[in-house]
Amino acid sequence: MKDTSLPIPFGSMSSAADVPTRGTVSVNGEGVVNAQPDMALVTLGAITENKDLTAAQQANSAAMTSVINGLLQMGIPNENIKTVQYTIDPVYDYQDGKQLLRGYRVTHLLQVTIPQISLVGQIVDQAVKNGANSVSNIQFTLAHPEARYNDALSLAIRNAQQKAYTISQTIGAPINLLPQKIRETSQGTPVPLEPVAYAKVAAATPIEAGQLQVKATINAQFSIEPTSESHVFSKSITY
């Protein structure tokens with residue numbers, strides 16, 4: 001049978017590898033916003049010990065009643081006061097390898113939400129005067145952290161766009177700065193800029209709130225537009 005196919009001129013054949021294809025760049029973006037705390041969470045309470053369990057409970061109850069009444073008198077609403085720990089533990093001494101019951105320890109701790117930072121020192125001092133002998137944690141935070149997190153999130157997106165643009169300029173390929181996909185990789189919990197050490201509570205306790213740092217991180221994917229010069233970079237690039 002005679003071959004009737006027409007000859008194909010050299011150079012006229014093409015393959016998929018010769019056609020520029022659209023690639024992607026995946027980058028991480030980070031945004032950080034500093035914020036002044038406007039709320040404090042203080043954990044405080046009373047720890048009492050006695051040979052007699054009932055006596056230990058009564059002493060603890062009297063101290064905590066005085067502490068709670070004092071907080072209410074200072075303008076802390078009842079819904080801002082909640083018990084976070086109440087335990088009764090036996091206390092032992094060890095003599096000559098023997099375990100001897102010394103008495104009982106009753107622990108009652110409250111978490112107090114203070115909406116006015118300026119009152120934290122006064123409230124802690126007053127609670128101690130009223131019978132609190134444990135102040136285990138003072139945490140400064142934001143009443144509404146969502147607004148500052150959204151600010152940080154906006155900065156993170158811009159940071160990702162800047163990275164993607166820098167990459168596109170480096171490889172010589174145009175890029176669409178409207179992200180194809182954005183994935184949040186952080187929860188935006190406010191954290192202190194520096195760890196704070198708290199001294200033993202004393203009269204007129206000075207307590208500094210400092211500043212908080214709200215951070216947002218994302219991963220974003222951008223589309224690289226194909227060009228005759230840049231199609232060699234059409235594979236996905238991750239930074």
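Contact of the Val42 side chain with the Val124 side chain is registered, since non-hydrogen atoms from C-beta on lie closer than 4.5 Å. Put simply, the side chain of Val106 does not reach to within 4.5 Å of the side chain of Thr87, judged on heavy atoms. You'll find the side chain of Ser168 stays beyond 4.5 Å of the side chain of Val25, heavy atoms only. Proximity of Val32 to Val214: side-chain heavy atoms (C-beta onward) are nowhere separated by under 4.5 Å.
With Phe222 as reference, Val27 is the one residue of Val27, Ile167, Leu178 to meet the side-chain contact (heavy atoms from CB on, under 4.5 Å) rule.
The backbone N or O of Lys181 lies less than 3.5 Å from no partner atom in the side chain of Gln221, so there is not a single donor-acceptor pair. Looking at Thr48, its side chain does come within 3.5 Å of a backbone N or O of Ala56 through a donor-acceptor pair. Not one N or O on the side chain of Asn50 forms a donor-acceptor pair closer than 3.5 Å with the backbone of Leu53. Between the side chain of Asn159 and the backbone N or O of Gly31, no donor-acceptor pair lies under 3.5 Å. Checking side-chain atoms of Asp96 against main-chain N and O of Lys98 turns up no donor-acceptor pair under 3.5 Å. In this structure, the side chain of Asn28 does not engage the main chain of Asn219 through any donor-acceptor pair within 3.5 Å. Formation of a donor-acceptor pair under 3.5 Å by the Asp93 side chain with backbone atoms of Arg102 is not found in this model.
The nearest pair of heavy atoms linking Asp52 to Ala55 is OD2-N, 2.9 Å. A pairwise comparison of heavy atoms in Leu142 and Pro37 identifies CD2-CA, 3.8 Å as the closest pair. Across all non-hydrogen atoms, the minimal contact from Ser223 to Ile175 is O-CG1, 3.2 Å. Across all non-hydrogen atoms, the minimal contact from Gly131 to Ala46 is O-CB, 4.0 Å. The two residues Ala216 and Tyr149 come nearest to each other via the heavy atoms CB-CE1, 3.5 Å.
In this structure, Tyr86 OH and His108 NE2 are separated by 7.5 Å, a value rounded to the nearest 0.5 Å. Arg148 CZ to Gln36 CD: the interatomic distance, rounded to the nearest 0.5 Å, is 10.5 Å. The structure places CG of Asp125 at 8.5 Å from CE of Met74, a figure rounded to the nearest 0.5 Å. From Gln139, atom CD reaches atom CE of Met39 across 8.0 Å, with rounding to the nearest 0.5 Å. Of the inter-residue distances, the one linking Asp151 atom CG with Asn34 atom CG reads 11.5 Å to the nearest 0.5 angstrom. A distance of 9.5 Å separates NZ of Lys82 from OG1 of Thr43, quoted to the nearest 0.5 Å.
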* Full working for side chain to side chain contact (heavy atoms under 4.5 Å, CB included) between Arg105 and Ile47 -> CA-CA 7 Å; Arg105 178 185 298 118; Ile47 302 173; 3.6 Å; yes
* To do: Would you please test Gln161 and Tyr165 for side chain to side chain contact (heavy atoms under 4.5 Å, CB included) and show each step?
  => CA-CA 6 Å; Gln161 288 175 318; Tyr165 178 77; over 6 Å; no
* To do: Run the numbers on Ile171 and Ile224 for side chain to side chain contact (heavy atoms under 4.5 Å, CB included), then give the verdict.
  => CA-CA 10 Å; Ile171 66 177; Ile224 298 177; 3.9 Å; yes
Could you list the donor-acceptor pairs under 3.5 angstrom formed by side chains in residues 109-120, with sequence neighbours left out?
none

Residues 61-73, side-chain donor-acceptor partners within the protein, below 3.5 Å, at least two apart:
from: Thr65; atom 1: OG1; to: Ser61; atom 2: O; distance (Å): 2.8
from: Ser66; atom 1: OG; to: Asn130; atom 2: O; distance (Å): 3.0
from: Asn69; atom 1: ND2; to: Thr65; atom 2: O; distance (Å): 3.2

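For Thr185, the side chain to side chain donor-acceptor pair (under 3.5 Å) partners are Thr217, not counting sequence neighbours.
If you chain together hydrophobic residues whose side chains sit under 4.5 Å apart, Val91 and Ile88 never meet in one group. Following chains of ILVMFWY side-chain contacts shorter than 4.5 Å, one cannot reach Leu212 starting from Val33, and the two form parts of different hydrophobic clusters.
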